[in-house]
Every structure is written in structure tokens, then in C-alpha cells.
Amino acid sequence: MSQHALLLAGCKAWRSLSCPRSELRLDLTLGCGQTFRWRETADGHWTGVMQGKVWTLTQTEDTLWYYVYSHQINTGTENRMKQKVENEDQLLGNMSKRKIKQEEVGLCIVMSEPDNKEEELLRDYFQLGVKLGDLYRDWSTVDPHFKHTANIFTGVRLLRQDPVECLFSFICSSNNHISRIQGMVDRLCQTLGTLLCKLDDVAYHDFPPLQALTDPSVEMCLRDLGFGYRARFLQQSSQIIVNSHGPDWLQSLRSAPYRQARNALRTLPGVGLKVADCVCLMSLDKFEALPVDTHVWQIAKRDYSFAAGSSQKTLTDRVYKEIGDFFRKLWGPYAGWAHSVLFCADLKRFQKLKEEIPVVKDEKTELKKKMKERRHDTYEEKQSKKGKKYQRK
DNA sequence: ATAACACCTGT
DNA sequence: CAGGTGTTA
């Protein structure tokens, strides 16, 4: 019997909240590279760590189901390796039909007490207060290309992630692709994070606290784990935050204006424009932040006839700014959210979703024509038109 | 201010 | 050659 919870297995400990698939698609939202902590552990079932708890999530047409595993709180740092070994022993014991005791560390047996706090955590994490359907409708009226891809890629929403996890994960992202970043973040948590529980031989660790990364020995440790030159960035950045700003500094940037927060992040080693924008958008509530990488650059050129800087070989700061401004003008204050939809739709792993509805050549050229005609028709202008309507009453 | 180049590692 | 940053012309 699987230790990972399965909805179809009829376990009563599942809880749910109302949430249509049009507002949230777990596969797209958790697999598009904004978080590196979730895995599809069974068909449509996603297991990961959030807010110091291990969760399994799945969904039906109008419902989001969640299961929270209980675990022993374990704050010690020095005994972790020892515990890890003990846990392996326990698991072996488990497999040889030894009776599992509830108090054994690292095994998930008892459900936590039901309460609505966990639902609140989920609502906050998925930002369910943001009405994605309304946003899709707005973006579709100003952007025919968005409208086209939005038909297939519904429910792509931004997570409200922990700023520490977000920052240190994205420092790892330079010159890198999603699957390798996942592996690196995995090893980081496994080595320096608290063990929360173990399911089917898979260990789930919390993301390490800032204080676990500040020691100078961390750099060599991470180099051994295959972090390369990024190892120093992680150690240095954590040290600067703790020593010069204070442990709550990152969190406090949530109440700072976008540009101010981004500039603050940029002072950290390993944090350039792109990483800073990722952290702003994905953990600091800055929804106009729009991370531009070579991939987004390709999208701008291919789907929006974006010409500026096309002679450049690399993505310069100038082109970075222009692409961001272009999309912010087109999509408005939630431009970062719209960007993530197109980014997701362009990932190789999701290309098969498009196969059902092949785009004929005529339709493609038709779309481009529309784009050119409406080049001036931006989000802002659309909003002001709406305003006029209201004024007339 | 703007644009190449080294940096780690995997593919 | 990569979903990038820091350094240096």
C-alpha cells in the first residue's frame, strides 16, 4: 500500500475546497518552473513541501483536494545525519513487516488535526483571491495571440512562494534548465533542510533556513553537490542578508514598491535582473515584474514581431527593459501573470497539449495580421475605454 | 552606458 | 550551448 495519499483509494482524510480547473491547473502551475519542489507522485497527484508541511494535491473538475501529512517536529541540526540513518533502518524494518510505532521519527502515519488553517495556507499559496478567469478575459481582449494559447493553457497561476526558498532556488537557475535546478534544490534541502517525513522511501525535507546557509563551509559543501560557481553566491547572499539586513529583510520587501524591492535584491551576489524579477513576481507580490530570459526574448520576436535589439547576440540590459515594458504596456498591472502563461505554453514538456488543436498556416498569418493592426491597442487604452463607458452611464 | 567573456555542469 | 551574473573592455 502506497504511503503517498491517493484520492481514489478512498482515504477519508482528504479535504477539499471549491476551485474550478479554469482557475487552477496543478500540472501547469506546479510544473512550469516557478517552483522546483513538487513532483507528480501518482497520476494527477502532486506531492511537495510548503509552509513546513508535506502535502499531496489533486483536483477534479470543480474541486481542489488536499492531504497534509503529519510529522514529528524536529528542530535539531546536529543530529540530522544520525536521524537519517535511523530512518533508513526504520524503513527497512517497516518493509520486513515490523510494527510501525507512531512516535518513530520521519514516518508519516497520523493525520494532523483538521482545521481551516491549512485551507488558508493553500488559498494564500495559490493566491485564489486573484480571479484568473477575469484576467484571462482582459488579456484576451487586448492580445489575440494570448487568446489563442489561453484556450489550451488555462489555469496557469503564480504561486505566492516563500521569499527565501524563491531567492535561493533562482540563484541556482543561471545557465541552467528546470530539471537540473530541481535536482540541485533537492540536494540542497536534503543536505541542509529538516527532515519532515518519508513516504514510499522518498524523504521530504523542508527548505533550509537562511541561517543554515551562512557558514563559510557551505560553499565547499554545495560545490560537492554540483552547484558549481553558484555555491559561493548562495553562501555569500545568505550571509549578507543575515548579517547586514536581518533575517526578516526578504519578507519585508513585500511591502516595498516593485523597483525598490528589485534594486534591493540586485545588491546580492548572484542576483541580476532576471533572478530579481523572478523573486519579485513569485514571492514578493510584484505582479508587474516580468522576468525576461532568452526564451521570453524568442517569444517576443516570434509571436509579437518584437524587433528592438534583434541585432544583439546576447540579452542586454537595454533589450531586457524594452521587452518588459512592451509586455507591461500590452497586458497591464498583472503582466507577470500573463507572461507565465505564455512561458508555460512554450515549454517543451507541454507541447503535446497543443497537438489536439493544430494551427493551420492561414490562421497563423491571420493572427500576425491582427497583431499588427492592434499594435497600438494596449491594456491601458482598453481600460480608459471601459472608463468612458462607465462615465456615460 | 553598452556589450563580449569566463564561470560549472550536463546533454 | 544553456531560462544568467560579474567582470572588464
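Source: prediction; values computed, not measured.
Ring centroid separation for the pair F227(A) and F233(A) does not come in under the 6.0 Å cut-off. A ring-centre distance under 6.0 Å is found for F36(A) and F170(A). Taking the ring centroids of Y258(A) and F287(A), they lie at or beyond the 6.0 Å cut-off.
Using P as the reference atom, dT8(C) and dC8(B) are 15 Å apart when rounded to the nearest Å. The separation of dG4(C) from dA1(B), taken at their P atoms, amounts to 22 Å, rounded to a whole angstrom. Separation of the C1' atoms belonging to dG3(C) and dT2(B) is 22 Å when rounded to the nearest angstrom.
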Intra- and interstrand pairs of DNA chain C - dot-bracket, Watson-Crick/G-U under 3.5 Å, | marks other strand: ||.||||||
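Here the side chains of Q59(A) and C19(A) are not in contact, with every heavy-atom distance at 4.5 Å or above. Residues K131(A) and L135(A) have side chains not in contact (no heavy-atom distance under 4.5 Å, counting atoms from C-beta outward). Looking at heavy atoms from C-beta onward, R223(A) lies in side-chain contact with R232(A) at the 4.5 angstrom threshold.
Taking the six-membered ring where tryptophan is involved, the planes of Y125(A) and W38(A) are tilted, since the angle between them lies from 30° to 60°.
Rounded to an integer number of Å, the gap from CG of L281(A) to P of dG3(C) is 19 Å. Atom C1' of nucleotide dG4(C) and atom CE of M184(A) are separated by 12 Å, given to the nearest angstrom. In this structure, the CZ atom of F343(A) is 8 Å from the P atom of dG3(C), given to the nearest Å. Per the geometry, CG belonging to L290(A) stands 17 Å off P belonging to dG3(C), to the nearest Å. Rounded to an integer number of Å, the gap from K301(A) NZ to dG3(C) P is 13 Å. In this structure, I240(A) atom CD1 and dG6(C) atom P are separated by 10 Å, rounded to whole Å. Summarising the geometry, the separation between CZ on R302(A) and P on dG3(C) is reported as 14 Å, rounded to the nearest angstrom. The CD atom of Q182(A) sits 14 Å away from the C1' atom of dG3(C) (whole-angstrom rounding).
Residues from residues 260-271 of chain A with heavy atoms under 4.0 angstrom of DNA chain C, sorted by number: L268(A), P269(A), G270(A), V271(A). Taking every heavy atom of residues 273-280 of chain A and every atom of DNA chain B, no pair lies under 4.0 Å.
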Apply side-chain hydrogen bond (donor to acceptor under 3.5 Å, both in side chains) to the pair Y67(A) and T58(A), showing each step before the final yes or no. CA-CA 9 Å; Y67(A) 184 105; T58(A) 191; over 6 Å; no
Name every donor-acceptor pair, under 3.5 Å, that has one atom in a side chain of residues 335-345 of chain A and the other anywhere in the protein, sequence neighbours excluded.
from, atom 1, to, atom 2, distance (Å)
H339(A), ND1, G336(A), O, 3.2
H339(A), NE2, P291(A), O, 3.1
S340(A), OG, W337(A), O, 2.7

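With hydrogens and angles ignored, the 3.5 Å screen pairs no side-chain donor or acceptor of K286(A) with any backbone N or O of C278(A). Side chain of E40(A) to main chain of W46(A): no donor-acceptor pair is present (N/O by atom type, distance under 3.5 Å, no hydrogens or angles).
Taking OG of S16(A) as the start and CG of L122(A) as the end, the distance is 11.0 Å to the nearest 0.5 Å.
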Going 5' to 3' through nucleotides 2-11 of chain B, assign each nucleotide B (protein heavy atom under 4.0 Å from a base atom), S (under 4.0 Å only from sugar-phosphate atoms) or - (no protein heavy atom that close). SSS--BBBS-
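With S169(A) as the fixed residue, the side chain to side chain contact (heavy atoms under 4.5 Å, CB included) test singles out one of V275(A), T35(A), V185(A): V185(A).
A continuous path of ILVMFWY side-chain contacts below 4.5 Å connects V49(A) to W65(A), so both sit in one hydrophobic cluster.
Using a 4.0 Å cut-off between charged nitrogen and carboxylate oxygen, K274(A) and D277(A) do not count as a salt-bridge pair. With respect to R37(A) and D162(A), no salt bridge is recorded, no charged nitrogen being found less than 4.0 Å from a carboxylate O.
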Between the protein and nucleotides 7-9 of chain C, which nitrogen or oxygen pairs come in under 3.5 angstrom?
none

